Trainee: 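Pasting a structure here, questions to come.
Here the structure is a predicted model, which means the values were calculated and not measured. Numbering of residues begins at 1 and proceeds along the displayed sequence.
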Amino acid sequence: MVSRDFDEFFSVQDDLFLIFFLVDPRKGALRLWDRIRQGVNERNVVIEGTELRMSVSSGVAEVRDSILEAIREADAMMYREKRLKKRCYESGEDS
């Protein structure tokens with residue numbers, strides 16, 4: 001995975017992280033995030049002989065006037081994605 005000197009990564013709590021990408025809005029953070037998601041999805045964890053598939057949920061927002069508002073927007077988007085994944089899992093679909 002590529003790390004750039006001008007990106008900022010913060011551990012917020014337990015399994016919640018905040019990443020600030022300095023990008024041209026036309027190129028977008030989504031493209032960078034897709035690379036991270038792909039890297040995570042390519043790795044599995046083995047615990048006591050059982051292979052577990054890793055996945056991530058995300059929310060992406062552009063900081064306009066307020067960093068806090070962008071964080072709230074991204075957080076809401078992430079939880080919508082988590083709910084969708086849970087519904088897919090519960091219905092037997094692959095997310």
Side-chain angles (χ1 to χ4, degrees):
M1 200 169 309
V2 175
S3 174
R4 305 171 323 159
D5 290 337
F6 46 83
D7 294 331
E8 296 291 335
F9 180 88
F10 302 93
S11 175
V12 178
Q13 68 183 50
D14 300 329
D15 62 348
L16 183 60
F17 302 93
L18 183 61
I19 305 172
F20 286 99
F21 297 123
L22 180 61
V23 295
D24 180 330
R26 292 168 298 203
K27 294 179 184 176
L30 289 175
R31 212 178 301 167
L32 289 170
W33 180 250
D34 283 340
R35 289 173 56 196
I36 292 170
R37 182 189 312 271
Q38 182 179 6
V40 169
N41 288 340
E42 290 173 356
R43 290 167 179 78
N44 292 330
V45 176
V46 177
I47 298 176
E48 297 180 5
T50 301
E51 187 172 17
L52 304 173
R53 189 177 94 187
M54 293 178 42
S55 70
V56 294
S57 295
S58 65
V60 177
E62 180 179 353
V63 176
R64 292 176 198 87
D65 298 324
S66 164
I67 290 175
L68 288 177
E69 186 56 37
I71 291 170
R72 284 187 200 107
E73 183 182 332
D75 193 52
M77 185 184 298
M78 178 192 65
Y79 281 104
R80 279 193 299 272
E81 183 177 329
K82 284 180 171 282
R83 284 191 298 273
L84 287 172
K85 284 182 178 183
K86 184 177 180 182
R87 280 189 228 140
C88 288
Y89 176 77
E90 289 173 346
S91 70
E93 299 175 34
D94 191 13
S95 53

Trainee: Main chain of Met54, side chain of Arg43: is a donor-acceptor contact present, judged purely on distance under 3.5 Å?
Mentor: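 Judged by distance alone, no pair lies under 3.5 Å.
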Trainee: How far apart are the closest heavy atoms of Ser57 and Glu81, and which atoms are they?
Mentor: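 Nearest heavy atoms, Ser57 then Glu81: CA-OE2, 3.4 Å.
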Trainee: The criterion is side chain to side chain donor-acceptor pair (under 3.5 Å); which residues satisfy it with Glu90, sequence neighbours excluded?
Mentor: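 Checked Glu90 against side chain to side chain donor-acceptor pair (under 3.5 Å); zero matches.
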Trainee: Output, in order, the C-alpha distance, side-chain angles, deciding distance and verdict of side chain to side chain contact (heavy atoms under 4.5 Å, CB included) for Ser55 and Val40.
Mentor: CA-CA 6 Å; Ser55 70; Val40 169; 5.8 Å; no
Trainee: Could you please spell out the steps behind the side chain to side chain contact (heavy atoms under 4.5 Å, CB included) verdict for Ile47 and Leu52?
Mentor: CA-CA 7 Å; Ile47 298 176; Leu52 304 173; 3.7 Å; yes
Trainee: As a quick check of understanding, evaluate side chain to side chain contact (heavy atoms under 4.5 Å, CB included) for Ser58 and Met78, giving each step before the final call.
Mentor: CA-CA 5 Å; Ser58 65; Met78 178 192 65; 5.6 Å; no
Trainee: Would you please name every residue forming a side chain to side chain donor-acceptor pair (under 3.5 Å) with Asn44, sequence neighbours left out?
Mentor: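 Listed in chain order: Glu51.
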Trainee: Are Ile36 and Met77 co-members of a hydrophobic cluster defined by side-chain heavy atoms under 4.5 Å apart?
Mentor: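 Looking at the clustering, Ile36 is in a separate group from Met77.
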Trainee: Could you tell me whether Glu73 and Arg64 have a side-chain N and a carboxylate O separated by less than 4.0 Å?
Mentor: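 Salt bridge present between Glu73 and Arg64.
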Trainee: Between Gln13 and Leu16, is a side chain to side chain contact (heavy atoms under 4.5 Å, CB included) present by the stated rule, with each step listed?
Mentor: CA-CA 5 Å; Gln13 68 183 50; Leu16 183 60; 4.0 Å; yes
Trainee: Is the backbone of Arg80 close enough, under 3.5 Å, to the side chain of Lys85 for a donor and an acceptor to pair up by distance?
Mentor: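 Checking the backbone N and O of Arg80 against the side chain of Lys85, no donor-acceptor pair under 3.5 Å is found.
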Trainee: Could you see if Val60 belongs to whatever hydrophobic cluster contains Leu68? Use Ile, Leu, Val, Met, Phe, Trp, Tyr and a side-chain cutoff under 4.5 Å.
Mentor: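 Per the 4.5 Å side-chain linkage, Val60 and Leu68 are not co-clustered.
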Trainee: Working to the nearest 0.5 Å, report the span between CG of Leu30 and CZ of Arg37.
Mentor: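 Going from the CG atom of Leu30 to the CZ atom of Arg37 covers 9.0 Å.
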Trainee: State which residues pass side-chain contact (heavy atoms from CB on, under 4.5 Å) with Ala74; sequence neighbours excluded, sorted by chain then number.
Mentor: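 side-chain contact (heavy atoms from CB on, under 4.5 Å) list for Ala74, sorted by chain: Ala61.
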Trainee: Do other residues, nucleotides or ligands put more than 12 heavy atoms under 6.0 Å from Leu18 CG?
Mentor: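 Above 12, so yes.
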Trainee: Linking I/L/V/M/F/W/Y whenever any side-chain heavy atoms sit under 4.5 Å apart, do Ile71 and Val12 land together?
Mentor: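 Yes, Ile71 and Val12 fall within the same hydrophobic cluster.
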